[in-house]
Amino acid sequence: MTEDQKHFMAEAIRLASDNIESGNGGPFGAVVVKDGKILARGSNHVTSWNDPTAHAEVVAIREACRELGTFQLDGCDIYCSCEPCPMCLGAIYWSRPNRVFFAAGRQDAARAGFDDELIYSELNLNPQLRSIPATQVMRPEALRVFDAWIASAKKIPY
C-alpha cells in the first residue's frame with residue numbers, strides 16, 4: 001500500500017471515528033478519490049437522517065457523482081473503513097469505480113452488531129422463500145416498459 005493510499009484509508013477511518021463522537025450514525029466512513037485527490041467524503045447517517053440507505057459509501061458516491069456531473073465514477077477509487085455491505089457493494093458496482101479498498105471486514109462489523117450475513121444468504125434464495133417474501137405480479141405489463149426502453153432513442157445506457 002502506498003503512502004497516498006494509507007492517507008486515503010486513514011481519512012475513511014477518521015470519518016468513521018468522528019461519526020461515533022458526533023452521534024450522526026454508525027461507525028463507517030468512505031472517501032472517493034480521483035487523480036490523487038479526495039473528491040468526496042461520506043459517513044453513515046442512517047439514524048440521523050432516518051434513511052436506511054444513508055451508508056457512508058452511498059453518501060460518498062452520491063457526492064462524488066454530483067461533483068463530477070455524472071453517474072459513473074470512472075477513474076476513481078473508493079476507500080471504506082469497512083468491507084461494503086450488499087447494498088453498498090451494489091452501489092459501488094453500479095457506479096463503476098476502478099478499485100475499492102476496505103479496512104475492517106464484514107466479520108468485524110458483525111462482531112460490532114452490524115451483521116449482513118442474512119442479506120448475503122437471502123440473495124441466493126427463491127424470492128418467495130426469503131424472510132421478506134417477494135411475489136412476482138403483472139410481469140407482461142412490466143415487460144412492455146422494458147420493450148419501450150429498448151426501443152427508446154432517448155435512453156442513456158448505464
Side-chain angles (χ1 to χ4, degrees), residues 9 12-13 15-16 19-20 22-34 39-158:
M9 184 57 76
I13 293 169
L15 289 166
N19 214 43
I20 297 169
S22 71
N24 283 326
F28 302 97
V31 297
V32 177
V33 174
K34 184 166 184 159
L39 179 65
R41 291 171 171 80
S43 55
N44 181 287
H45 289 280
V46 169
T47 56
S48 60
W49 294 354
N50 293 318
D51 180 352
T53 69
H55 289 203
E57 298 90 338
V58 173
V59 171
I61 288 168
R62 288 174 179 163
E63 178 61 28
C65 288
R66 274 192 294 273
E67 284 292 315
L68 294 172
T70 182
F71 54 86
Q72 293 185 339
L73 298 177
D74 299 324
C76 294
D77 292 333
I78 300 178
Y79 292 80
C80 311
S81 65
C82 186
E83 182 177 356
C85 75
M87 177 186 70
C88 292
L89 192 58
I92 287 167
Y93 272 86
W94 280 114
S95 67
R96 295 179 174 86
N98 287 7
R99 299 179 293 184
V100 177
F101 298 91
F102 64 91
R106 66 189 196 201
Q107 295 82 7
D108 302 313
R111 186 179 65 78
F114 300 94
D115 190 356
D116 299 322
E117 280 309 313
L118 171 69
I119 299 169
Y120 285 110
S121 65
E122 294 266 317
L123 290 173
N124 291 320
L125 294 176
N126 178 304
Q128 293 180 330
L129 299 177
R130 294 177 183 156
S131 61
I132 301 174
T135 304
Q136 186 175 28
V137 297
M138 297 183 69
R139 182 172 180 253
E141 292 83 352
L143 290 178
R144 285 196 291 276
V145 176
F146 280 121
D147 291 340
W149 167 259
I150 292 166
S152 176
K154 296 179 182 180
K155 71 180 172 212
I156 299 173
Y158 57 97

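Because only heavy atoms are used, hydrogens play no part in the values below, and waters and symmetry mates are left out as well, while side chains stay in.
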Query raised in the report: Please walk me through it: do Glu63 and Val32 pass side-chain contact (heavy atoms from CB on, under 4.5 Å)?
Result: CA-CA 9 Å; Glu63 178 61 28; Val32 177; over 6 Å; no
Measure the [atom1]-[atom2] distance between [X] and [Y] for me, rounded to the nearest 0.5 Å.
| X | Y | atom1 | atom2 | value |
| --- | --- | --- | --- | --- |
| Phe146 | Arg139 | CZ | CZ | 10.0 Å |
| Leu73 | Arg96 | CG | CZ | 10.5 Å |
| Leu143 | Ile150 | CG | CD1 | 9.0 Å |
| Arg106 | Leu89 | CZ | CG | 9.5 Å |
| Gln136 | Gln128 | CD | CD | 9.0 Å |
| Leu15 | Tyr79 | CG | OH | 14.0 Å |

Taking atom [atom1] of [X] as the centre, report whether more than 12 heavy atoms of other residues, nucleotides or ligands fall under 6.0 Å from it.
| X | atom1 | answer |
| --- | --- | --- |
| Arg111 | CZ | no |
| Phe71 | CZ | yes |
| Trp94 | CH2 | no |
| Arg66 | CZ | yes |

Does the side chain of [X] reach to within under 4.5 Å of the side chain of [Y], using non-hydrogen atoms?
| X | Y | answer |
| --- | --- | --- |
| His55 | Phe28 | no |
| Ile92 | Pro97 | yes |
| Glu57 | Val100 | no |

Heavy-atom pair of closest approach, residues [X] and [Y]:
| X | Y | answer |
| --- | --- | --- |
| Val58 | Cys88 | CG2-SG, 4.0 Å |
| Ala64 | Leu39 | CB-CD2, 3.9 Å |
| Ser43 | Asn19 | OG-OD1, 3.4 Å |
| Ala60 | Gly42 | CB-N, 3.8 Å |
| Pro27 | Ser81 | O-OG, 3.9 Å |
| Pro86 | Asp116 | CD-CB, 3.8 Å |

Requested in this report: Quickly, which of Leu68, Asn98, Val33 forms a side chain to side chain contact (heavy atoms under 4.5 Å, CB included) with Cys76? Name it, please.
Outcome: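 It is Leu68; the other options fail the test.
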Are the side chain of [X] and the backbone of [Y] linked by a donor-acceptor contact shorter than 3.5 Å?
| X | Y | value |
| --- | --- | --- |
| Asp108 | Gly105 | yes |
| Arg130 | Glu122 | yes |
| Asn44 | Gly25 | no |

Requested in this report: Only counting residues at least two apart or in another chain, list the ones meeting side chain to side chain donor-acceptor pair (under 3.5 Å) with Asn24.
Outcome: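 Listed in chain order: Ser22.
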